[in-house]
Amino acid sequence: MQVPAPFEYERATSVDHAISLMERLGSTSRLIAGGHSLLPMMKLRLASFDYLIDINDLHDELGYIEAGPGEMRIGALTRHRELLESATLTAAFPIFADAERVIADPVVRNRGTLGGSLCQADPSEDLSAVCTALDASCVIRGPGGAERLVSMEEFHVGPYETAVGDGEILVEIRLPVRPGCGSAYEKVERRAGDWAVVSAGAAVWLDGGVISDARVGLAAVGPNTTGIPEISAALRGQEPSESLFEQAGAIAARSCDPATDQRGSADYKRHLADELTRRTLRRAVERARS
Amino acid sequence: MTTVHERVDTFHDNDQKPVGYGRMLRKEDPRFVRGRGRFVDDIRLPGMLHLAILRSPVAHARILSIDTSAAEASPGVKAVVTGAMLAEQGLAWMPTLSNDVQAVLATDKVRFQGQEVAFVVAEDGYAARDALELIDVEYDVLDPVVDARRALEPGAPVIRDDLEGKTDNHCFDWETGDEAATAAVFARADVVVSQDLVYPRVHPAPMETCGAVADFDAVDGKLRLWSTTQAPHAHRTLYALVAGIPEHKIQVISPDIGGGFGNKVPIYPGYVCAIVASIVTGKPVKWMEDRSENLISTGFARDYIMRGEIAATRDGRILAIRTNVLADHGAFNGTAAPVKYPAGFFGVFTGSYDIEAAYCKMTAVFTNKAPGGVAYACSFRITEAVYLVERIVDCLADELGMDPAELRLKNFIRPEQFPYTTKTGWVYDSGDYEPTMRLAMEMAGYADLRREQQEKRARGELMGIGIAFFTEAVGAGPRKNMDILGLGMADGCELRVHPTGKAVVRLSVQSQGQGHETTFAQIVAEEIGIPPDDIDVVHGDTDNTPFGLGTYGSRSTPVSGAAAALVARKVRDKARIIASGMLEVSVADLEWDKGSFRVKGDPGKSVTIQDVAMRAHGAGDLPEGVEGGLEAQICYNPSNLTYPHGAYICVVDIDPGTAQVKVRRFIAVDDCGTRINPMIIEGQVHGGLADGVGMALMEMIAFDEDGNCLGASLMDYLLPTALEVPDWETGFTVTPSPHHPIGAKGVGESATVGSPPAIVNAIVDALEPFGVRHADMPLTPSRVWDAMRGNARPPI
């Protein structure tokens with residue numbers, strides 16, 4: 001029987017209640033949302049907490065996808081399945097549906113959340129790459145209801161480490177909506193539902209046939225999921241072309257820092273960073289044009 | 001012998017038919033689909049305690065001290081037991097199925113990561129698990145032996161210093177065939193091809209992990225053991241020999257089993273710990289291992305490092321096959337194979353081909369890895385043998401520039417050569433290979449596939465077609481050649497017909513999902529004319545079934561299936577005598593018409609088997625010398641193995657950019673002799689093919705240089721899902737076994753044996769434009785990409 005070490009458990013009734021519990025219980029407490037990363041770690045006894053604060057009852061408060069002027073707001077407790085099935089989100093950012101289709105399996109997607117995925121900050125995590133490509137920012141609420149806004153670059157501090165501090169909770173992800181956007185996601189995995197060997201997300205904004213902005217987010221190629229500013233710089237102001245995508249792929253390959261493991265050799269992963277960058281940019285441009 | 005070639009099953013739906021063979025829904029499924037199965041973990045006895053095992057975190061270390069005081073003081077804990085405490089009772093070591101010994105709990109050293117070091121018994125599983133954290137073990141870490149190739153190097157750490165005078169890591173040497181004759185043939189051959197191949201360590205990973213509930217009654221001295229075992233009778237005898245409990249005071253019950261694949265053949269330390277714990281505490285004790293424990297400590301499979309060599313004429317006549325094998329047996333030789341076959345049935349590596357000479361030399365070594373060796377639906381190492389021969393035949397085809405189908409067809413053993421004695425001494429009972437191969441090629445549209453491949457290659461697309469043709473050897477004994485620790489491989493069977501004409505058949509074999517309750521009812525029904533629904537199949541309980549060696553190596557139908565048919569015939573013979581009395585005619589005047597005896601020439605005069613059953617138990621007179629009742633028992637000792645065969649064709653597409661392999665089609669034509677329930681056969685084949693996709697593409701129990709197991713969870717050890725497998729295309733031919741009472745051959749492992757080489761052959765074929773002749777499993781995208789760049793490397 002794989003069971004976690006003993007812990008105490010409380011269900012939060014509101015975001016502020018969750019924050020007050022964290023303030024009181026300190027760093028030996030942990031929020032649990034979908035639990036599909038946290039519970040396996042606890043069962044394998046790789047992680048142990050004295051207190052779990054369950055925020056699943058806060059779905060009314062934190063589970064939403066709202067299209068507003070100039071930005072899309074997504075509640076941190078929005079489930080993978082809701083992201084996959086949202087017509088609003090897919091229309092604006094098809095990259096989400098691309099990614100969600102290859103995240104784990106339906107059982108996990110029924111339960112796992114956007115906020116949980118980002119806060120887990122696994123370097124192989126798909127939605128971090130998606131949010132990086134879309135230039136997302138994260139709303140973090142702390143004691144007393146104070147909120148701060150951080151970019152994805154600031155959000156990811158290191159592997160399994162985020163900008164969310166003690167007594168704080170990620171409540172919302174904001175995605176800027178700009179015209180002429182196309183986006184796409186591709187993942188190579190050894191088997192359906194496995195973590196990525198490498199995956200890539202790309203978003204491209206076209207203005208009169210010229211790339212006004214482009215962003216690429218890679219997963220599983222280094223300690224952090226980060227954007228590659230050099231790609232954005234190389235693409236901006238250019239007309240999309242195969243040679244341009246090749247140039248972007250080459251930048252991706254040399255900018256990443258993969259390690260050899262059971263999923264593949266570092267060389268192969270570097271190759272995939274190139275290949276998948278080209279593929280996702282190509283599709284993102286096709287989508288931006290259509 | 002008749003051979004029938006059919007693509008479509010002509011058997012009618014047996015659910016509409018009163019008796020016999022055919023498609024019939026499985027009798028066991030209603031309880032499984034309703035969640036009413038009863039597995040070991042479902043057993044809950046009053047006052048039952050729970051056991052958890054502390055395992056070694058390192059691969060090789062001397063145990064300096066173990067402090068259990070904190071664990072003993074932990075809430076709910078009833079006992080903490082170490083190897084030293086077992087040693088006082090002479091129970092610290094137990095025999096393995098290969099005449100080696102294995103530590104129940106380590107006393108001196110730990111020899112693999114995950115080895116059992118101590119156990120806790122507590123009021124519930126949580127308390128037991130939490131107390132494990134409180135046991136303080138001091139280890140002096142030693143250098144591990146991880147690479148089998150280096151195990152015999154001078155100066156390598158000696159793992160088995162528990163064995164008197166042991167100064168190296170040598171396990172055994174084994175050879176078969178004629179070395180000199182083979183060398184002579186190789187010397188004069190036009191073409192010789194050699195290839196190094198690794199069949200990496202994999203794990204059976206049954207959905208249900210291993211476990212037991214032991215209940216020792218100190219008053220009547222009886223031990224009841226519910227355990228996940230594929231061989232309840234063999235286990236009972238071994239417990240009697242090891243633990244000193246009289247055999248009649250041991251009842252081994254193997255309830256519903258959630259998959260075995262060979263993983264549940266051995267006796268694991270956990271079973272013995274549960275028995276000891278029940279004796280010590282006087283309470284029933286449950287031990288159920290978790291997923292990680294199952295993956296890191298129980299019987300693995302394969303782990304053969306092979307060099308294959310094949311000699312042929314320039315025009316494609318195969319002359320000889322030679323192989324040298326280095327076998328990694330882990331820390332203890334726990335191979336589950338007949339005692340005289342330390343390499344299992346690897347000797348069938350000559351495959352389905354009529355050749356002049358063959359030779360194999362094998363060296364087995366100890367390493368700091370989990371013990372095991374024969375598991376995972378391998379028919380006692382035939383998986384490795386078939387992979388070797390089918391891969392190397394493809395290498396030869398490549399060398400000769402010949403189509404691999406044509407090369408195989410040219411070299412098959414011909415039907416008139418059966419029974420065929422191979423150059424390593426195996427007597428293949430029957431076979432007709434070419435029609436099976438032709439059917440597979442026809443179903444695949446082989447010529448069209450080759451044309452499509454040419455077109456795709458011209459466009460830079462990667463498509464491969466792989467063929468594997470296998471001959472299996474299943475159904476161990478006979479008992480004079482084959483035994484497990486002295487227990488001959490023969491199976492008992494009992495059949496009792498009740499007064500109302502319903503029946504119960506008692507088997508020694510145990511189902512782990514094979515559908516025995518249905519298949520054996522059908523076998524008996526076919527012989528005695530009682531509908532399968534009226535026949536109860538009892539199995540998996542040593543107090544209620546006759547002795548036999550169990551279910552593994554695809555032996556249930558070849559051995560116990562024969563026993564069931566013969567015991568039914570024995571009952572029918574008695575029924576005939578009773579019927580002759582009832583009809584007042586001589587026995588010779590009766591004819592059998594599946595379910596009733598009729599008077600020849602007077603078809604209106606008949607009695608049914610149900611009439612006879614009532615008479616056998618009734619008040620009326622029976623013929624002179626006939627005892628009441630209608631029952632019989634036998635023990636069937638097979639005269640030979642049975643040799644099913646099959647032709648598999650796999651079509652793959654590879655993404656040239658990412659090197660991902662997609663198995664697009666898989667055609668499997670199996671010949672398992674007489675087919676009892678085609679639906680169950682297809683289910684077995686489907687499962688085995690999925691196993692093959694797993695092994696070929698993703699499964700491997702890897703270790704790091706310190707001997708840490710890298711496949712300790714199902715996040716790390718990947719099993720295929722429905723998304724990795726195509727719609728299987730199955731077909732069949734029927735070449736009955738001449739010595740089996742109903743001509744059946746066994747099919748449980750055929751697909752696991754035959755599919756990996758077909759898939760690897762297809763991938764290598766797809767990579768032909770890159771000049772690839774071989775690439776080892778598991779062919780993950782990364783490893784395929786390496787091969788495309790000329791860097792194909794062994795996985796270990």
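Just so we're on the same page: letters track the sequence lines, and every chain starts at 1.
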- What part of B/Pro720 lies closer than 4.5 angstrom to a heavy atom of chain A: side chain, backbone, both or neither? backbone
- To the nearest 0.5 angstrom, please state how far the CG atom of A/Leu44 sits from the CZ atom of B/Arg291. 12.5 Å
- Task: Please look at B/Thr780 and chain A and tell me whether the side chain, the backbone, both or neither of the residue comes under 4.5 angstrom of a heavy atom of that chain.
- Result: side chain
- Under a 4.5 Å heavy-atom cutoff, which of B/Arg129, B/Met715, B/Met288 has the most pairs with chain A? B/Arg129
- Item | Contact origin within A/Val197 toward chain B - heavy atom pairs under 4.5 Å | neither
- Note on the structure: Scanning both residues in full, the closest heavy-atom pair of A/Ala192 with B/Leu723 reads CB-CD1, 3.5 Å
- Query: With a cut-off of 6.0 Å (strictly less than), are more than 12 heavy atoms of other residues, nucleotides or ligands near CZ of A/Arg282?
  - Reply: yes
- Query: Between A/Arg263 and B/Asp716, is there a salt bridge with N-O shorter than 4.0 Å?
  - Reply: no
- Note on the structure: Closest non-hydrogen atoms of B/Gln660 and A/Lys187, given as atom of the first, atom of the second and distance, are NE2-O, 4.5 Å
- Can you tell which part of A/Gln262 gets under 4.5 Å to a heavy atom of chain B, answering side chain, backbone, both or neither? side chain
- Message: For B/Met698, which atoms come within 4.5 Å of any heavy atom of chain A: side chain, backbone, both, or neither?
- Response: side chain
- Query: Can you list the steps and then say if B/Asp786 with A/Ser265 is a side-chain contact (heavy atoms from CB on, under 4.5 Å)?
  - Reply: CA-CA 9 Å; B/Asp786 285 343; A/Ser265 67; 4.2 Å; yes
- When only pairs under 4.5 Å are counted, which of A/Arg279, A/Arg45, A/Lys43 shares the most heavy-atom pairs with chain B? A/Arg45
- Message: A quick test of your reading: do over 12 heavy atoms of other residues, nucleotides or ligands sit less than 6.0 Å from CD of A/Gln238?
- Response: yes
- Message: Heavy-atom pairs under 4.5 Å with chain B: which of A/Glu275, A/Glu186, A/Lys269, A/Glu189 has the most?
- Response: A/Glu275
- Note on the structure: In short, A/Val3 meets B/Tyr126 closest at the heavy-atom pair CG1-CE2, 3.4 Å
- Message: Between B/Leu697, B/Asp655, B/Val661, who has the most heavy-atom pairs with chain A when the cutoff is under 4.5 Å?
- Response: B/Asp655
- Task: Please check if the side chain of A/His271 supplies one atom and the backbone of B/Thr658 the other of a donor-acceptor pair under 3.5 Å.
- Result: no
- Query: Heavy-atom distance under 4.5 Å to chain A: side chain of B/Asp704, backbone, both or neither?
  - Reply: neither
- Message: Heavy-atom cut-off 4.5 Å, strictly under: side chain, backbone, both or neither for B/Arg783 against chain A?
- Response: neither
- Task: Report yes or no: does A/Arg191 contribute a side-chain atom to a donor-acceptor pair with the main-chain N or O of B/Leu719 at less than 3.5 Å?
- Result: yes
- Ignoring hydrogens and angles, tell me if any N or O in the side chain of A/Tyr268 forms a donor-acceptor pair with the backbone of B/Ala659 under 3.5 Å. no
- Query: So which of B/Glu293, B/Glu133, B/His50 has the biggest tally of heavy-atom pairs under 4.5 Å with chain A?
  - Reply: B/Glu133
- Item | Contact class of A/Asp267 relative to chain B, heavy atoms under 4.5 angstrom | both
- Item | Contacting moiety of B/Glu289, where chain A heavy atoms sit under 4.5 Å | backbone
- Message: Could you report the tightest heavy-atom contact between A/Gly264 and B/Ser782, atom names first, then the distance?
- Response: CA-OG, 3.3 Å
